[in-house]
Amino acid sequence: MPTPTALYHYCSNDAFVSVVNSRSVWLSSLTLSNDSMEGRLVNATVMRVAERDKLDVNSQQRLRESLEFSERFFDGLGFCLSEEGDLLSQWRGYADDARGVAIGFGKTYLDALAVTSKSSSAAGFVVHKVEYEPTRQEALVEPTYAELRKLIAAGAFRRPGLQSLLDSRTQEQIGSDDKEIQAANRELIIRLRDFLPMLFQLKAEAFREEREWRLVSMLGGRKFEDCLFRSSRGKIIPYRSFQFQDLGRPPIADVVLGAKNETPTPVVESMLAQAGLTDVRVWRSRSTYR
């Protein structure tokens, strides 16, 4: 049976061999994945909260445009895992139609590796549990939305200068009010960054069976200078590689062979041992899928 404390990455045999031989995980562009809503659910969730809050239509539009800019400006590089180590839909969708494997990474190891991945010279990653349920998604965005709501009330979206021909304020009053508008707008832009960690944490309910966790490394400004590149299914995909570190615990707890994987378990055990990955349990899927 799957190891309770492991998170499973379903992949082809080629990808598995690459992970073992390189002793690393590759975090690849999530916006180039098979889910067209990747990185876009935060906007939809915030707008549901804004509508329920009866935010005025003009402010809703300005808020939507600000969120859409963040979606365009940032990408997430991710490595996807599941709490389920023997799930038919995962075998069919991500492991070469069950010819591949599910690599069981130790959850505590990944948490520790995330801490060591950060440095002043390189982007690290965080470990996220994916949230599928709309009300819990709303609960995640509401604290930041509440702060934005205060800034909107303070004039963050107001037009500076004369408001109309009937504006009776003095030039001095207009100048003072404009400074407050600019300050509120600057603070709102800064606050919008609080949504960035959530961009790739929310996913549509249709995917909830996957019980997904992710390693996520943010990519700002679509700048790829510190990325590597690989080819897959007609696309060139940017990724970052993170090497396994000696953290006092093994990175891989177990490996599950898919129902159609014809590799003898001793071969897999020998390959793992040769790479210095010991005490790894290798077992076969209980699925009868053929």
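This is a predicted model, so every value here is computed, not measured.
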> In Å, rounded to the nearest 0.5 Å, how long is the span from CZ of Phe200 to CG of Leu41?
Replying inline: 11.0 Å
>> For a quick test of reading the model, state the closest non-hydrogen atom pair linking Ala50 to Gln60 and the distance between them.
In response: O-NE2, 4.2 Å
> So, does Ser117 use its side chain to make a donor-acceptor pair with the main chain of Ala114 at under 3.5 Å?
Replying inline: yes
>> Between Leu110 and Phe242, is there a side-chain heavy-atom distance shorter than 4.5 Å?
In response: no
> Is any side-chain heavy atom of His128 closer than 4.5 Å to a side-chain heavy atom of Val126?
Replying inline: yes
>> Would you say that more than 12 heavy atoms from the other residues, nucleotides or ligands in this model lie under 6.0 Å from the CG of Asp279, or not?
In response: no
> What are the two closest non-hydrogen atoms of Arg286 and Asp86, and how far apart are they?
Replying inline: N-OD2, 2.7 Å
>> Checking the side chain of Ser66 only, and the main-chain atoms of Arg62 only, is there a donor and an acceptor separated by less than 3.5 Å?
In response: yes
> Between Tyr10 and Val256, is any pair of side-chain heavy atoms under 4.5 Å apart?
Replying inline: no
> Atom NZ of Lys179 and atom CG of Asp177: how far apart are they, to the nearest 0.5 Å?
Replying inline: 11.0 Å
>> Ring centroids only, cut at 6.0 angstrom: are His9 and Phe79 within range, meaning strictly under it?
In response: yes
> At what distance, to the nearest 0.5 angstrom, does OG of Ser231 lie from CD1 of Ile236?
Replying inline: 4.5 Å
> Can you name the nearest heavy-atom pair linking Ser287 to Leu88, along with the distance?
Replying inline: OG-CD1, 4.0 Å
> Do the side chain of Gln61 and the main chain of Asp56 share a donor and acceptor less than 3.5 angstrom apart?
Replying inline: no
>> Quick check: do Thr144 and Glu147 have side-chain heavy atoms less than 4.5 Å from each other?
In response: no
> Should Phe195 and Val49 be regarded as members of a common hydrophobic cluster, given that ILVMFWY residues are connected when their side-chain heavy atoms come within less than 4.5 Å of each other, either directly or indirectly?
Replying inline: yes
> Donor-acceptor pair, Ser82 side chain versus Glu210 backbone, under 3.5 Å?
Replying inline: yes
>> For a quick test of reading the model, state the closest non-hydrogen atom pair linking Arg99 to Asn13 and the distance between them.
In response: O-ND2, 3.0 Å
> Are any of the side-chain heavy atoms of Leu55 and Tyr145 separated by less than 4.5 Å?
Replying inline: yes
> Would Glu180 and Arg158 satisfy salt bridge (Lys or Arg N to Asp or Glu O under 4.0 Å), going step by step from the backbone distance to the final call?
Replying inline: CA-CA 10 Å; Glu180 291 181 5; Arg158 279 176 54 200; over 6 Å; no
> Just wondering, more than 12 heavy atoms not from Glu205 lying within 6.0 Å of its CD?
Replying inline: yes
>> Can you tell whether the side chains of Lys150 and Glu187 come within less than 4.0 Å, N to carboxylate O?
In response: no
> Just by distance, do the side chain of Ser18 and the backbone of Asp14 share a donor-acceptor pair under 3.5 Å?
Replying inline: no
> If we ignore angles and hydrogens, is there a donor and acceptor under 3.5 Å between the side chains of Thr263 and Asn261?
Replying inline: yes
> If you look at every heavy atom in Ala123 and Ser217, which pair is closest and at what distance?
Replying inline: CB-OG, 4.0 Å
>> Any non-hydrogen side-chain atom of Leu32 less than 4.5 Å from a side-chain atom of Pro238?
In response: yes
>> To check you understand the geometry: which heavy-atom pair defines the closest contact between Asp178 and Gly161, and what is its length?
In response: OD1-N, 2.9 Å
> Are the side chain of Gln243 and the backbone of Gln245 linked by a donor-acceptor contact shorter than 3.5 Å?
Replying inline: no
> Would you say Gln137's side chain and Glu131's backbone share a donor-acceptor pair under 3.5 angstrom?
Replying inline: yes
> Is there side-chain contact between Leu151 and Phe157, with heavy atoms separated by less than 4.5 Å?
Replying inline: no
> Is Gln171 atom CD crowded by more than 12 heavy atoms from other residues, nucleotides or ligands, each under 6.0 Å away?
Replying inline: no
>> Between Arg48 and Glu51 (salt bridge meaning N to carboxylate O under 4.0 Å), is one present in this structure?
In response: no
> Taking the side chain from Tyr132 and the backbone from Glu212, do they hold a donor-acceptor pair closer than 3.5 Å?
Replying inline: yes
> Under 4.5 Å between any side-chain heavy atoms of Gln201 and Val42, yes or no?
Replying inline: no
> With no hydrogens and no angle check, is any side-chain donor or acceptor of Lys260 less than 3.5 Å from a backbone partner on Arg290?
Replying inline: yes
